[in-house]
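The figures here come from the full heavy-atom set of this structure, side chains too, leaving out hydrogens, waters and symmetry mates. What you see is a predicted model, and the numbers here were worked out from it, not measured in a lab.
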Amino acid sequence: MKVAVLNYTGSVGKTVVASHLLAPRMNGAQIFAVESTNETGADLGLEVDQLRGEHFGRLFRELLTRDDAIVDVGASNIEDFLNHMMRYEGAHEEMSCFVLPVINTGKAQRETIKTVAALAELGVDPERVRILFNRVESSVEDEFPSILAYAAKTGEVLANPKAAIYENEVFELLADLRTTLADVLADQTDYRALLKATTSAAQGCAYPGNPQGPPKTPAARHISPWSTRTGCALP
């Protein structure tokens, strides 16, 4: 499968979708970031082939040789990307589908409709154009009326309200740590045990508010006298 993630507007979650939602489910598919200014999957710790929209010929050749690929098209390069796709006859048919993430601002919805119209003008089958409702607070129907109305009226795009990502801080945390959901799920570290051990060690240290360290029973004094404790210096 080859998927293009794109939208005329920025900051709607294209790179998050490509890196965290699609990549783990697509057999290690190569991510191609068509971007020149904004964050790409490389900023999240993934291996990414970065190029500009004007390099569509190179991208098209790469797509012809692969069974699976993800193309993350940045808002700064979407015009070049679509213009070059128009010049290569049947180029859009190389993509299995086009995923358009959108958030619930008026601007994002208007720009998403513009993107849908551009793909329709290229001749892309509506079945291959999918809306992904991102950062949903509570209800897709209440937050994205313009998108749903446009899809129902024109039939140019599939807009399934169940295709939604609800607001969650986890993606910002992943970006800060430069890691991915796949890496987190593969991590076998028992962080609960580490937290307990760290908490226990801190409780046994001398620090403001606990200058004497832990209370000692007579047995504890013989087994582990406070004077033998090391590595417990806290601010």
- Note on the structure: Nearest heavy-atom contact between A69 and A29 is N-CB, 3.8 Å
- Query: Is V12 close to K14 at the side-chain level, that is, under 4.5 Å between some pair of heavy atoms?
  - Reply: yes
- Flag, side chain of T65 to backbone of E62, donor-acceptor distance under 3.5 Å: yes
- Would you please test V136 and I103 for side chain to side chain contact (heavy atoms under 4.5 Å, CB included) and show each step? CA-CA 7 Å; V136 180; I103 58 175; over 6 Å; no
- Locate the shortest heavy-atom distance separating L82 from A118; write the atom from each residue and the value. CD1-CB, 3.9 Å
- Message: Do E156 and Y150 pair up side chain to side chain, a donor and an acceptor below 3.5 Å, judged on atom types alone?
- Response: yes
- Query: What about L185 and M26, same hydrophobic cluster or not, with Ile/Leu/Val/Met/Phe/Trp/Tyr joined at side-chain heavy-atom distances under 4.5 Å?
  - Reply: no
- Task: Answer yes if L100 and I147 sit in the same cluster of Ile, Leu, Val, Met, Phe, Trp and Tyr residues linked by side chain heavy atoms under 4.5 Å apart, and no otherwise.
- Result: yes
- Flag the pair V5 / V73 as yes when at least one side-chain heavy-atom distance between them is below 4.5 Å, and no otherwise. no
- Value for CD (E93) from CG (D125), rounded to nearest 0.5 Å, stands at 10.0 Å
- Message: I want to check something: taking the side chain as every heavy atom from C-beta on, are C97 and E127 in contact at a cut-off of under 4.5 Å?
- Response: no
- Message: Is the shortest side-chain heavy-atom distance between H92 and M86 below 4.5 Å?
- Response: no
- Task: Check the hydrophobic clustering (I, L, V, M, F, W, Y; side-chain heavy atoms under 4.5 Å; chains of links allowed) and say if L148 and L158 are grouped together.
- Result: no
- Query: Does the H84 side chain pair with the main chain of D80, one donor and one acceptor, at a distance under 3.5 Å?
  - Reply: yes
- Message: With rounding to the nearest 0.5 angstrom, report the OG1 to CG distance, T115 to L6.
- Response: 6.0 Å
- Message: Once rounded to the nearest 0.5 Å, what's the spacing between atom CE of M95 and atom CZ of R128?
- Response: 8.5 Å
- Item | Partner residues of F133 under the ring-ring contact (aromatic ring centres under 6.0 Å, His included) criterion, sequence neighbours left out | F144
- Message: Heavy-atom count check: over 12 atoms from other residues, nucleotides or ligands less than 6.0 Å from E167 CD?
- Response: yes
- Just wondering, more than 12 heavy atoms not from E141 lying within 6.0 Å of its CD? yes
- Task: Say whether, by atom type as modelled, one donor and one acceptor occur between the side chain of R130 and the main chain of V157 under 3.5 angstrom.
- Result: no
- Looking at CZ of R25 and CG of D68, how far apart are the two atoms once the value is rounded to the nearest 0.5 Å? 14.5 Å
- Message: Working note: V102 + L132, criterion side chain to side chain contact (heavy atoms under 4.5 Å, CB included); need CA distance, chi angles, decisive distance, verdict.
- Response: CA-CA 6 Å; V102 58; L132 179 58; over 6 Å; no
- State, with a plain yes or no, whether a side-chain heavy atom of S138 is found less than 4.5 Å away from one of E143. yes
- Distance-minimising heavy-atom pair for V17 and I165: CG2-CD1, 4.2 Å
- Query: K2 side chain to L63 main-chain N or O, any donor-acceptor pair under 3.5 Å?
  - Reply: yes
- Check whether any side-chain N or O of N83 sits under 3.5 Å from a backbone N or O of E79 as a donor-acceptor pair, and report yes or no. yes
- Query: Which one of F56, F32, Y88, F98 satisfies the ring pair (Phe, Tyr, Trp, His ring centres under 6.0 Å) criterion with F81?
  - Reply: F56
- Query: If every non-hydrogen atom of L59 is compared with every non-hydrogen atom of V71, which pair is closest and at what distance?
  - Reply: CD2-CG1, 4.0 Å
- Message: So which atom in S96 and which in M1 form the shortest heavy-atom distance, rounded to 0.1 Å?
- Response: OG-CA, 3.5 Å
- Item | Note, R135 side chain near N104 side chain (heavy atom, < 4.5 Å) | no
- Just checking, any donor-acceptor pair under 3.5 angstrom between side chains of T9 and N7? no
- Query: Would Y191 and L195 show up in the same hydrophobic cluster when neighbours are defined by side-chain heavy atoms closer than 4.5 Å?
  - Reply: no
- Query: V140 and P161: which non-hydrogen atoms are nearest, and at how many Å?
  - Reply: CG2-O, 3.4 Å
- Drop me the distance from K114's NZ to T112's OG1, to the nearest 0.5 angstrom. 11.0 Å
- Query: Linking I/L/V/M/F/W/Y whenever their side-chain heavy atoms sit closer than 4.5 Å, directly or via other members, would L173 and L21 fall into one cluster?
  - Reply: no
